[in-house]
Participant: 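Got a structure for you, written out below as structure tokens; questions coming shortly.
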Amino acid sequence: MPNWVDNRLIATGPAIEVNSLIRLVIGDRCFDFNKIIPMPQELRGTTSPVPKGQEAEAARLQAQYGHANWYSWACANWGTKWGACNPTGTSGVSPLEELAAASEDSPPRAQAEWGFQTAWSPPEPVMKKLSEMFPEVTFTWDCIEEQPSFGGSMTLVAGEVVEGGYCEGEMNEIWSMSDWHENYRYDPDEDE
């Protein structure tokens with residue numbers, strides 16, 4: 001069983017862009033990494049480690065995709081072995097409001113928020129790619145590992161981290177990153 005990383009993503013920007021973002025990430029799950037960085041279909045049914053007798057197929061996949069199996073590909077491309085787990089989300093502006101605002105000089109702004117968990121590590125490549133895909137939207141991304149041995153709070157615009165970063169090991173620093181991080185505060189001496 002993995003250590004879980006709790007993630008929160010807030011997207012703020014023009015309503016049309018935020019609604020496009022919402023429509024993009026809603027897949028089989030509430031927040032689908034495959035909609036952002038699609039895993040090659042051929043890798044989806046593979047196993048890790050490569051079973052005996054399948055070395056030639058693994059070599060072919062490695063040559064074609066740079067990875068012999070789903071696990072290696074996901075860790076390299078998503079930053080975590082699985083997609084978003086236990087996702088929750090909110091919606092943005094309704095299409096009717098979007099249409100009504102289309103004639104205004106200043107289009108309405110909207111905000112959407114998602115919460116989800118990832119296994120072992122945060123999905124930084126996914127967050128950067130999503131921000132790159134929607135350069136007019138400002139993304140606020142927070143993450144914290146369940147121990148907590150690390151946490152992060154970042155603002156991303158056009159695929160770049162413009163503010164914030166990660167903190168490792170210092171629980172009080174991690175908890176003080178935001179009110180959201182503070183919700184994870186606990187007394188480690190109580191675990192003994």
Side-chain angles (χ1 to χ4, degrees), residues 1-14 17-46 48 61 64-92 110-168 174 177-178 180-181 184:
M1 178 156 173
N3 282 359
W4 291 105
V5 177
D6 286 309
N7 295 269
R8 174 182 69 167
L9 181 65
I10 301 171
T12 307
E17 290 294 310
V18 172
N19 278 329
S20 293
L21 163 66
I22 291 167
R23 285 189 292 273
L24 171 74
V25 299
I26 303 301
D28 295 336
R29 310 162 86 155
C30 181
F31 196 90
D32 190 347
F33 289 2
N34 268 305
K35 298 283 185 142
I36 303 160
I37 304 174
M39 179 183 290
Q41 190 65 39
E42 271 192 289
L43 294 178
R44 293 184 189 187
T46 59
S48 174
L61 293 171
Q64 185 169 354
Y65 301 110
H67 299 278
N69 57 63
W70 71 270
Y71 178 82
S72 172
W73 186 94
C75 289
N77 290 277
W78 293 343
T80 182
K81 70 179 188 175
W82 296 319
C85 297
N86 305 314
T88 60
T90 62
S91 60
Q111 181 171 303
E113 181 175 335
W114 293 271
F116 56 90
Q117 293 180 311
T118 52
W120 300 113
S121 54
E124 187 170 355
V126 174
M127 299 297 101
K128 285 184 174 179
K129 179 65 176 178
L130 191 59
S131 174
E132 187 180 293
M133 293 167 73
F134 292 90
E136 295 179 49
V137 175
T138 299
F139 292 88
T140 303
W141 171 45
D142 296 302
C143 61
I144 189 167
E145 193 260 346
E146 69 183 344
Q147 293 300 322
S149 60
F150 71 84
S153 184
M154 289 161 247
T155 301
L156 297 98
V157 176
E160 300 293 327
V161 175
V162 296
E163 185 179 347
Y166 289 109
C167 177
E168 292 187 38
I174 294 166
M177 292 178 116
S178 73
W180 181 82
H181 289 85
Y184 291 86

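The basis for the numbers below is simple: all heavy atoms, side chains too, and nothing from hydrogens, waters or symmetry mates. The chain is numbered in sequence order, starting from 1.
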Participant: State the OG1-CD distance between Thr88 and Gln117, to the nearest 0.5 angstrom.
Facilitator: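 Rounded to the nearest 0.5 Å, the OG1-CD separation comes out at 9.5 Å.
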Participant: Just verifying a value: how many Å separate Trp120 CH2 and Cys75 SG, rounded to the nearest 0.5 Å?
Facilitator: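 Reported value, rounded in 0.5 Å steps: 11.0 Å.
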Participant: With the side chain counted from C-beta on, respond yes when Phe150 and Pro122 share a heavy-atom pair under 4.5 Å apart, and no when they do not.
Facilitator: yes
Participant: For Ala112 versus Val18, what's the shortest heavy-atom pair and its separation?
Facilitator: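 Closest approach of Ala112 to Val18: CB-CG1, 3.9 Å.
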Participant: Identify the two heavy atoms, one from Val5 and one from Cys143, that lie closest to each other, and give their separation to 0.1 Å.
Facilitator: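 Scanning both residues, the minimum pair turns out to be CG1-CB, 3.9 Å.
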Participant: Quick one: closest heavy-atom pair of Trp141 and Leu9, and the distance?
Facilitator: CB-CD1, 3.9 Å
Participant: Side chain to side chain contact (heavy atoms under 4.5 Å, CB included) for Tyr166 and Val161? Distances and angles first, verdict last.
Facilitator: CA-CA 11 Å; Tyr166 289 109; Val161 175; over 6 Å; no
Participant: How many angstroms lie between CG in Asn86 and CG in Asn7, if you round to the nearest 0.5 Å?
Facilitator: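 It is 11.5 Å, given to the nearest 0.5 Å.
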Participant: Side-chain contact test, heavy atoms from C-beta onward, threshold under 4.5 Å: evaluate it for Tyr184 versus Ile174 and give yes or no.
Facilitator: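 Tyr184 does not reach Ile174 side chain to side chain.
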Participant: Hey, does Trp114 have a side-chain heavy atom less than 4.5 Å from the side chain of Pro87?
Facilitator: no
Participant: Mind checking the CZ-NZ spacing from Arg23 to Lys35? Nearest 0.5 Å is all I need.
Facilitator: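 It comes to 12.0 Å.
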Participant: Do you know the tightest heavy-atom contact between Ser131 and Phe139?
Facilitator: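 Taking Ser131 first and Phe139 second, the nearest heavy atoms are CA-CE1, 3.4 Å.
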Participant: Anything under 30° is parallel, anything over 60° is perpendicular, the rest tilted; go ahead and classify Phe116 against Phe31.
Facilitator: parallel
Participant: Thr118 and side-chain contact (heavy atoms from CB on, under 4.5 Å): which partner among Trp4, Trp78, Trp82, Phe33?
Facilitator: Phe33
Participant: Under 3.5 Å, side chain of Thr80 to main-chain N/O of Ala119, donor-acceptor pair present?
Facilitator: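 A pair under 3.5 Å: yes.
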Participant: May I ask you to check whether over 12 heavy atoms, not counting those of Glu163, lie within 6.0 Å of atom CD?
Facilitator: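 Result for CD/Glu163: open.
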Participant: Evaluate Leu61 against Trp70 for side chain to side chain contact (heavy atoms under 4.5 Å, CB included), listing each step before the verdict.
Facilitator: CA-CA 10 Å; Leu61 293 171; Trp70 71 270; over 6 Å; no
Participant: So which atom in Asn34 and which in Met39 form the shortest heavy-atom distance, rounded to 0.1 Å?
Facilitator: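 Closest approach of Asn34 to Met39: OD1-N, 2.8 Å.
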Participant: Sequence neighbours left out, what pairs pass salt bridge (Lys or Arg N to Asp or Glu O under 4.0 Å) with at least one residue falling in residues 121-140?
Facilitator: Glu124-Lys128, Lys129-Glu132
Participant: Closest approach of Gly165 and Met177, non-hydrogen atoms and distance?
Facilitator: O-CE, 3.5 Å
Participant: Could you go step by step and tell me if Thr12 and Thr140 meet the side chain to side chain contact (heavy atoms under 4.5 Å, CB included) rule?
Facilitator: CA-CA 8 Å; Thr12 307; Thr140 303; 5.8 Å; no
Participant: Are more than 12 heavy atoms, taken from residues, nucleotides or ligands other than Glu160, located less than 6.0 Å from that residue's CD atom?
Facilitator: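 No, because the 6.0 Å sphere around CD of Glu160 holds 12 heavy atoms or fewer from other groups.
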Participant: Mind checking whether Thr46 and His67 have side chains closer than 4.5 Å, heavy atoms only?
Facilitator: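 No, too far: nothing below the 4.5 Å cut-off.
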Participant: Hey, are the side chains of Asp142 and Ile144 touching, using non-hydrogen atoms and a 4.5 Å cut-off?
Facilitator: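 No - every pair of side-chain heavy atoms lies 4.5 Å or more apart.
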Participant: Any chance you could lay out the side chain to side chain contact (heavy atoms under 4.5 Å, CB included) test for Met127 and Met154, step after step, and finish with the verdict?
Facilitator: CA-CA 10 Å; Met127 299 297 101; Met154 289 161 247; over 6 Å; no
Participant: Is a side-chain donor or acceptor of Ser72 paired with a backbone partner of Asn69 at a separation under 3.5 angstrom?
Facilitator: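 Checking the backbone N and O of Asn69 against the side chain of Ser72, no donor-acceptor pair under 3.5 Å is found.
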Participant: Are the side chains of Leu24 and Leu130 in touch, meaning some heavy atoms are under 4.5 Å apart?
Facilitator: yes
